[in-house]
Asker: 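I'd like to ask you about the structure that follows.
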Amino acid sequence: MLKHEINDLYSAEEQIIDALPAMIEKARDRKLKKALQDHLKVTETQKRRLDEIQKRLELEPARKGFLSALFAKKCKGMQGLIEEGEKVMSEEMDPDVMDAAIVGCAQKIEHYEICGYGTARAYAEELGLSAVEKALKTSLDEEYKSDDLLTELAVRRLNKEATPRGSRVVNQRNIQGNKRRKGSRIKSTSSTPKKNSSSRTTRKKSVAR
Ligand SMILES: [Fe+2]
């Protein structure tokens, strides 16, 4: 399952690298453009990090045919999120509204990645693969940072500019994101396994050996 998550994330990062230039092109706000450009560089580093992890994990070959249905070439989850984003960006709308919409699309992508990295990190931790766990945590922290920056951009400026004066229409999702306090970050359900079941952790470690 760890290998499957790594493959899925690798495909997701590849698709994001292909999709980001169009989002950068479409964004009008200078800070949003810069945030997306910076994220493209971060994504390229994350892809290289996954490459290293893949090499490490291949030292332990998977059983032939084991979970083969999960090892599809392309991450369909990310494909869908990107297609949804492209659909939104193909619409005619005020540039301020487009910026707010781009943030919304980018955050859906970020949240998918946060879930994937959180889960993969938890698996690596349970398997006692500390170097892999550390690398995955680095990427996870970068995803959180990008997500927080997008929330800040949206709530501080972009959503206000996209909302007609006097209107009560607001982007609820971004406001909820802004209210997220430290320690209540988005986590996959399996990101903190040790807190809940230490005996399960011990058993899995012994199986992995
Ligand atoms: Fe990423």
Side-chain angles (χ1 to χ4, degrees), residues 1-27 29 31-57 70-86 88-89 99 101-125 129 131-154 158 173-174 177-178 180 182 185-192:
M1 282 308 295
L2 174 61
K3 287 181 181 180
H4 160 62
E5 285 294 339
I6 299 298
N7 275 1
D8 191 76
L9 281 162
Y10 190 88
S11 164
E13 299 291 18
E14 266 187 331
Q15 292 182 65
I16 293 165
I17 289 168
D18 289 343
L20 268 171
M23 293 171 89
I24 294 166
E25 172 86 27
K26 202 87 184 174
D29 181 83
K31 284 188 178 169
L32 175 59
K33 242 185 212 302
K34 170 89 170 59
L36 295 171
Q37 279 162 345
D38 289 347
H39 194 62
L40 179 56
K41 285 182 201 149
V42 169
T43 306
E44 280 159 357
T45 307
Q46 291 174 337
K47 191 184 149 198
R48 281 197 293 275
R49 201 173 283 135
L50 287 168
D51 248 331
E52 294 291 315
I53 293 172
Q54 278 182 327
K55 278 178 200 151
R56 271 179 188 272
L57 293 179
L70 291 177
F71 285 79
K73 297 270 186 298
K74 198 165 189 174
C75 168
K76 295 264 176 72
M78 186 53 68
Q79 187 181 8
L81 290 174
I82 288 172
E83 280 172 8
E84 289 294 320
E86 285 168 350
V88 171
M89 289 195 302
D99 280 348
I102 289 172
V103 171
C105 296
Q107 284 195 294
K108 282 180 189 171
I109 290 171
E110 285 305 320
H111 293 182
Y112 183 96
E113 288 193 282
I114 287 169
C115 183
Y117 277 113
T119 301
R121 188 205 153 189
Y123 290 160
E125 189 179 25
L129 299 167
V132 173
E133 191 265 334
K134 206 174 149 199
L136 292 167
K137 185 183 180 300
T138 304
S139 294
L140 179 63
D141 289 345
E142 288 169 354
E143 302 297 0
Y144 273 130
K145 207 172 144 194
S146 302
D147 185 45
D148 287 345
L149 176 61
L150 288 169
T151 297
E152 208 181 299
L153 283 175
L158 299 176
R173 189 159 54 81
N174 286 331
N178 193 42
R180 202 173 68 212
K182 262 195 172 177
R185 288 178 153 186
I186 297 164
K187 282 179 180 173
S188 73
T189 50
S190 54
S191 62
T192 53

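Whatever order the structure lists them in is the order used to number ligands and atoms, beginning at 1. Hydrogens, waters and symmetry mates play no part in the numbers below; they use all other heavy atoms, side chains included.
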Asker: Given Q46, which of H39, E142, K41 fulfils the side chain to side chain donor-acceptor pair (under 3.5 Å) condition?
Answerer: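 It is E142, the one option of H39, E142, K41 that forms the side chain to side chain donor-acceptor pair (under 3.5 Å) with Q46.
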
Asker: Could K137 and D141 be called an ion pair, given the rule that one side-chain N must be under 4.0 Å from one carboxylate O?
Answerer: yes

Asker: Output the distance between atom CG (N7) and atom CG (L50), rounded to the nearest 0.5 Å.
Answerer: 9.5 Å

Asker: Counting only protein N/O/S, how many atoms fall short of 2.8 Å from the Fe ion (ligand 1)?
Answerer: 5

Asker: Does the K26 side chain pair with the main chain of M89, one donor and one acceptor, at a distance under 3.5 Å?
Answerer: yes

Asker: Judged by modelled atom types alone, do S11 and Q15 share a side-chain donor-acceptor pair under 3.5 Å?
Answerer: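 Distance-only check passes for S11 and Q15.
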
Asker: What residues, two or more places apart in sequence or in another chain, satisfy salt bridge (charged side-chain N to carboxylate O under 4.0 Å, His left out) together with D38?
Answerer: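 Per chain and number, D38 pairs via salt bridge (charged side-chain N to carboxylate O under 4.0 Å, His left out) with K34.
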
